[in-house]
Amino acid sequence: MTEFEGTLLRTDRSPGLRPGPQGGEGQPVRPYEVMVILDAGLEEDAIRAAVDRSTELIRTRGGVPGRVDRWGKRRFAYELGHRWEGYYVVIEAQAEPSVMAELDRTLRLADEVIRHKVIRLPEAAVRGKRAPSGDGAASAGPTGNGA
C-alpha cells in the first residue's frame, strides 16, 4: 500500500482558485494595490516605461492589472534618498501571491523606484467597492432637511 492510496482527490474548485501547471490547485487569485514612488527627476517617458514594465510583469505571469492611477509629483514630509519630491503611482491588480512577490522583488531592484508597497486588499473592501449602488434614493443617505 502506497502512502497516497487513502487520500481522496479534491474535485470541487473554489471560485478564487486557478488550476496549477499540472492541473492541480493553484494559489488563490487575490486583489492587490501597489503604491510606487518614482524619482521625480525622471522624464515622462521613463516614468511611463517603469509603470508599463510593472503592469506587463503582472500580465505575463497570469495576473490581471487593473486601474493605474497616476497621482503625479508630490512633496515628501521628509527627505528620502537625498530627494524631497517623488512621482506617485497606484496600480490595482488581481494576481496570485507569487506574482506579486516577483513584482515586489523587481521594484526593489529598480533604480528609478524610491519606495514601493504591495498591499493585499481585504475581500470585504473589494466587494464593497464593486457592489452596485442600486437606485439613487437608497444610496443618497440622509437629506439633512430635518424632516
With rounding to the nearest 0.5 angstrom, report the [atom1] to [atom2] distance, [X] to [Y].
| X | Y | atom1 | atom2 | result |
| --- | --- | --- | --- | --- |
| I114 | F76 | CD1 | CZ | 4.0 Å |
| L103 | E56 | CG | CD | 12.5 Å |
| K73 | I47 | NZ | CD1 | 7.0 Å |
| I58 | M100 | CD1 | CE | 4.5 Å |
| Q94 | Y32 | CD | OH | 10.5 Å |

Between [X] and [Y], is there a shared hydrophobic cluster once you connect ILVMFWY residues whose side-chain heavy atoms come closer than 4.5 Å?
| X | Y | value |
| --- | --- | --- |
| L107 | V89 | yes |
| M35 | L80 | yes |
| V68 | V113 | yes |

Check [X] against [Y] and note the closest heavy-atom contact, atom names and distance.
| X | Y | result |
| --- | --- | --- |
| G63 | A95 | CA-CB, 3.9 Å |
| A50 | L38 | CB-CD2, 4.2 Å |
| L57 | T60 | O-OG1, 3.2 Å |

Tell me, do [X] and [Y] make a side-chain contact under 4.5 Å, heavy atoms counted?
| X | Y | answer |
| --- | --- | --- |
| I91 | S54 | yes |
| V51 | R48 | no |
| V34 | V90 | no |
| R30 | P97 | yes |

Task: Heavy atoms from other residues, nucleotides or ligands near CH2 of W71 exceed 12 (cutoff 6.0 Å) - done: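 No, CH2 of W71 has 12 or fewer neighbouring heavy atoms, counting only those of other groups under 6.0 Å.
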
Task: Pairs involving residues 74-86, ordered by first then second residue, that meet salt bridge (Lys or Arg N to Asp or Glu O under 4.0 Å) (sequence neighbours left out) - done: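 Pairs touching residues 74-86 that pass the test: D39-R83.
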
Task: salt bridge (Lys or Arg N to Asp or Glu O under 4.0 Å) pairs, two or more places apart, involving residues 99-111 - done: R61-E102, E102-R105, D104-R108

TODO: Could you tell me which residues satisfy salt bridge (charged side-chain N to carboxylate O under 4.0 Å, His left out) with R53, sequence neighbours excluded, listed by chain and number?
DONE: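 If we apply the salt bridge (charged side-chain N to carboxylate O under 4.0 Å, His left out) test to R53, skipping adjacent residues, the hits are E112.
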
Task: Residue list, side-chain hydrogen bond (donor to acceptor under 3.5 Å, both in side chains) with R70, at least two apart or on another chain - done: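 Partners of R70 by the side-chain hydrogen bond (donor to acceptor under 3.5 Å, both in side chains) criterion come out as none, since no residue qualifies.
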
TODO: Please name all residues satisfying side-chain hydrogen bond (donor to acceptor under 3.5 Å, both in side chains) with S98, sequence neighbours left out, ordered by chain then number.
DONE: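 For S98, the residues satisfying side-chain hydrogen bond (donor to acceptor under 3.5 Å, both in side chains) (neighbours in sequence not counted) are Q27.
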
Task: With I119 via side-chain contact (heavy atoms from CB on, under 4.5 Å) - residues at least two apart - done: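 Testing I119 for side-chain contact (heavy atoms from CB on, under 4.5 Å), a comparison that skips the adjacent residues, returns K117.
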
